[in-house]
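Structure, as C-alpha cells:
Throughout, a chain's letter reflects where its sequence line sits, starting with A, and its residues are numbered from 1. Both backbone and side-chain heavy atoms feed into the values below; hydrogens, waters and symmetry mates do not.
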Amino acid sequence: MVVLREGMCPGLEEGLVRDLRAADIKTVEDLVSSDMEELAQKCSVSYKALFAIRRVLLAQHTAFPVSGADLYEELLSSTAILSTGNPSLDKLLDSGLYTGEITELSGGPGSGKSQVCFGVAVHISFHLKQSVIFIDTTGGFTASRLLQMLQTETRNTEEQMEALQRIHVFRLFDVYALLDCLYSLRGGGLQQASVGGGSVKAVIVDSVSAVISPLLGGKPNEGDISFYWSIIVHHTCGCVYT
Amino acid sequence: MTESGAQLFARLEARRCLKDIEPRLFPEDGGPNHGEVVELYGPEGTGKTELLYHLLCRCVLPVASGGLEVDVVFVDTDYSLDMLRLVSILDNRLSAARSAGSPSAAADEAVLRSCLSRLLVVHCSSSSQLLLTLHFLETTLTSRPGLALLLIDSINAFYWLDRSEGGASFARQEEKLSKCAELLGRLLRDYKITVFATCHAIRRSYSGSSSASSSSSTSSFASTSTTESDKPFLCRPWQRLVTHRLLCSKQEAPKNMAATAGGSKEQKTRQVFTVSTASSSSSSKTKTFRSSSYYVTDGGVEFIGPNTKVS
C-alpha cells in the first residue's frame, strides 16, 4: 500500500493531499479505485487535473506489460548457461545452470550438496572468471577447502588468490538476516560486489533449510523467502541453493 | 464515467468467445463463455501451469495451426513464467501443423514472432501492485479489441503476505484480494473477457493409502466429494466469480511390462495427470462434472482419449 504524499507527482500538493485524506483517500490504491467525478466534486478540484494525477500515479506504480516477443528477445540475448564444472551434472541440468533460474539441490545429510556448491563456485570464479556470492548459513564454509579445490586446477598461487577474491562470502544464521541480505543485493549490492572481478554470475545459498526449519513449527513462511528470491533472480544470475 | 467513442466501441464489440478453447476439459458445450472465470486448483506439481501454457498456445497460434488467434494477457505473480518452455511448445505445435512442403526457417521465425506478439506478460510483486495493474489493464483492453483471455498464475501468490500484513482481522487480511476480485468482476462484465487463474492448494490431505474396507467407498465418492484440502480458501468475492473449478491431481502411472519378440521386458512409466471439472454456469442451474487425464510431453499437454492406450 503506497501512501499518498505531496510531491509524488506534479499536481499533488499539500492542500490536495489534505482534502483527499478528508475524503478517506489515503493511498494510491484508494485514489485509483474511486470515482473521479465524485472525488473531484468533494475535493473541489478540476476533474481534468485529478484524472491526470491518477494517470501519472498509475503509470508510476503499475507493473508494465511486456510483449511476449520482446520478452523472448531479451531472454535470448541475456541468458547465459554456466557450466558446473562436472560434465555429468551438466548433462542432468541440460548443459548447465541457466541465468535467471533457481536450481535447488536437496538431499539427506552428507550427500554432497555443499561439495557441489563449492565445486560450482570454484568453477565459475576460476574458469569463467566471474564473481560468485556465497551465502553460508550453516557455518560449513571453509576457505581452505576452496583452496584445496583450486590447487588441483592450477599451481599458480596468484591465480588461486584471484579466483578466491572473486568469491564473496556472507555468513548469516537466521532467516531475517537472509531476507535483508537478499534485499540489499537486489537494491544494488550486486553491482557493488562486481567491482573486483567480472560481474556476479551466481548466488549460492547453503542452506535454505537451515534457516527455515526453525520456523516451520508454526505458520509456513516460505512465501517470504521465495518471494524475495524470485525478485533477485531477475538480476541475471544463475542461482544455486541447497 | 465518460468514455470516448473509441472506448465505447471497443467495449461493445464482441470479443472472441472461448467456449471451444479445450473441449476435452469441459463438459458437453460447457466451455467458458464470455465473462466466466475458470480456477485451476491443486497442489504443486500437478500440471496447472502446464495446462495454462497449453491454453495459451491454443489461443495465440494462427488458425492454420489449430489456434484461435486471439490476444492474451499473462499476469505472472511469482516470476515463474518459463518463456523457453512456452516457445518450445509453440515450436512443436507449429511444426506438427506444418504442411508437407518444405518451409523456410525465416518463415517459421516470423510465425513464432507473430504468435508471441499476441502475448502480453505482466509481472506483479504484491497484491496492491496486482490491483493497480488490473486498473492499468483496462486501458489495454480498450486499445486491443482482440484481447479475449486473461491468465493469472497464480492468484494466491500473496496469500500469506496479505495475511501477515492484515494482522488479526480477517477482513483486513482479505481486503486486497477482495478489491482485485471486485475489479475483475467489473472488467469481466464490461469487456466480456475470460479469465483462467491457478490456485495452489495450501492444505495437504494426509489421507494417504486408505484401508481396504474404506477404499471401495471412497472410489464411489471420488467424483462428488471434496476433501478438506480441496475446499476453497480465498476470499468470498473471488469464490463468487469462479464459474468453473478444475481440480488437478497427479496419479502414479501403472507400471506396464511389455514383452517384446526377443523376450526382453520393457518398463514404461509415464506420469498421468488428471483434472476434474466442476462447472456451474449461469445458464444451467445444475452443476456438471467431467474428468480427463493427460501426459506432459516435450510438446506440451497430451490428452488421453478413449482410444489412447494408457502406458
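Proximity to chain A (any heavy atom under 4.5 Å) is restricted, for B:L131, to the side chain, taken from C-beta onward. For B:L84, the parts sitting under 4.5 Å from any heavy atom of chain A are the backbone and the side chain alike. Contacts between B:V87 and chain A at a heavy-atom distance below 4.5 Å involve the side chain alone, from C-beta outward.
Residues B:K179 and A:D30 form a side-chain contact, since some pair of their non-hydrogen atoms from C-beta on lies under 4.5 Å apart.
Of the listed residues (B:S128, B:S127, B:S114), the greatest number of heavy-atom pairs within a distance under 4.5 Å of chain A belongs to B:S128. When each of A:A63, A:S33, A:A59, A:S67 is scored by its heavy-atom pairs under 4.5 Å with chain B, the top score falls to A:A63. Top candidate by heavy-atom pairs under 4.5 Å with chain A, chosen from B:K176, B:E182, B:R118, is B:K176. Taking B:L86, B:L112, B:L120 one by one and counting their heavy-atom pairs under 4.5 Å with chain A, the maximum is reached by B:L120.
When all heavy atoms of B:L40 and B:K48 are compared, the pair lying nearest together is O-CD, 3.6 Å. Of all the heavy atoms in B:G300 and B:R93, the pair that sits closest is CA-NH2, 4.2 Å.
Ring geometry, B:Y159 versus B:F233: the interplanar angle exceeds 60°, so the pair is classed perpendicular (tilted spans 30 to 60°).
Within 6.0 Å of CZ in B:R85 there are more than 12 heavy atoms belonging to other residues, nucleotides or ligands.
None of B:V70, B:L55, B:L149, B:I21 except one satisfies the side chain to side chain contact (heavy atoms under 4.5 Å, CB included) rule with B:T194; the exception is B:L149.
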